[in-house]
Colleague: 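Sharing a structure, written as structure tokens. Questions coming.
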Amino acid sequence: MDIEDLHPWPSSAEEGLALQERLRGLVREEPGPAEVRTVAGLDVSYADDRVAAAVVVLDAATLLPVESAVAVERPSFPYIPGLFAFRELPALLSALRRLETVPDLLVCDGHGRAHFRRFGLACHLGLLTGLPAMGVGKTFLVGEHVEPGRERGSFTDLVHEGEVVGRTVRTQTGVRPVYVSVGHRVDLDAVTRHVLALSPSYRLPETTRRADRLSREALRAPESGPASAPPPASAPPGR
DNA sequence: GCGACAG
DNA sequence: ATCTTGTCGC
């Protein structure tokens with residue numbers, strides 16, 4: 001039985017809202033994981049009526065790629081702020097199932113607890129997989145905050161309705177900050193530490209950059225990939 | 001009622 | 001997300 005069979009899937013915005021309200025209490029925020037050897041970056045790209053999800057596993061110490069997988073499907077849910085996960089989760093779960101490695105941490109493109117109902121994509125994905133997960137958003141969604149210092153490493157809290165739901169983190173001196181938050185089974189300090197460790201040279205973590213590249217490539221080659229058969233010759237061999 | 005709103 | 005030229009800066 002697939003993990004997806006264990007949970008109902010909404011067919012409307014109202015159902016999606018209700019499901020989030022029901023699952024939000026299951027999210028765990030804890031000081032783990034104790035040891036992170038492999039980190040998985042996930043991202044999704046769109047083209048026409050296709051959605052391509054990519055997962056790239058990196059060695060946490062060297063940031064070198066270990067394994068990757070992609071899944072191209074048809075979008076089954078519209079993009080609605082706050083219900084973003086229902087649009088990308090199906091393809092992301094498909095890609096994750098094609099992985100042999102079980103990552104120690106999932107780094108999602110989007111928010112976790114820094115969400116209207118404290119249940120963004122990173123929380124949902126962490127909960128469905130049972131794996132530690134964190135969210136890294138490129139743009140603001142919710143929470144009052146002051147600008148972090150200009151230098152790499154500085155950060156400030158994201159406060160929504162009196163609750164610290166995430167942080168703005170300057171991953172490179174002089175660039176715009178990213179918005180990070182807990183997804184599942186990690187805490188805010190670990191999330192902050194990881195996003196900085198994963199972003200040695202650019203604004204976005206290597207996990208996200210690699211997954212972004214892979215998901216785009218998957219859309220460019222509809223029926224071929226790094227491990228597919230070569231294209232047929234214009235003049236078939238034989239005779 | 002109006003504004004804001006991940007990808 | 002995606003559509004898109006030139007342009008500022010290291």
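Since the structure is predicted, the reported quantities are computational estimates derived from the model, not experimental observations. Letters A, B, ... are given to chains in the order of the sequence lines, protein chains preceding strands, and every chain is numbered from 1.
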Colleague: Using a strict cut-off of less than 4.0 Å between a Lys/Arg side-chain nitrogen and an Asp/Glu carboxylate oxygen, indicate whether A:R50 and A:E73 qualify as a salt bridge.
Modeller: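 Here A:R50 does not pair with A:E73 in a salt bridge, since their nearest N and O are not under 4.0 Å apart.
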Colleague: Tell me, please, which residues at least two apart from A:D187 pass salt bridge (Lys or Arg N to Asp or Glu O under 4.0 Å).
Modeller: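 Listed in chain order: nothing, the list is empty.
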Colleague: If the sugar-phosphate is the primed atoms plus P, OP1 and OP2 and the base is the rest, what is the B/S/- string for nucleotides 1-7 of chain B, using protein heavy atoms under 4.0 Å?
Modeller: ----BBB
Colleague: Going by side chain to side chain donor-acceptor pair (under 3.5 Å), name the pairs with one or both residues in residues 133-145 of chain A, residues two or more places apart or in two chains.
Modeller: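 Output for this query is empty, none listed.
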Colleague: Output the rounded distance in Å from CZ (A:R50) to C1' (C:dT2).
Modeller: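 Result: 14 Å.
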Colleague: Any idea which heavy atoms bring A:V70 and A:A54 closest together, and the distance?
Modeller: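 Nearest heavy atoms, A:V70 then A:A54: CG1-CB, 4.0 Å.
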Colleague: What integer distance in Å separates A:R220:CZ from C:dT2:C1'?
Modeller: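 In whole Å, C:dT2 C1' and A:R220 CZ are 16 Å from each other.
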Colleague: How about A:H124 and A:F86: are their ring centres within less than 6.0 Å of each other?
Modeller: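 Yes, the ring centres sit under 6.0 Å apart.
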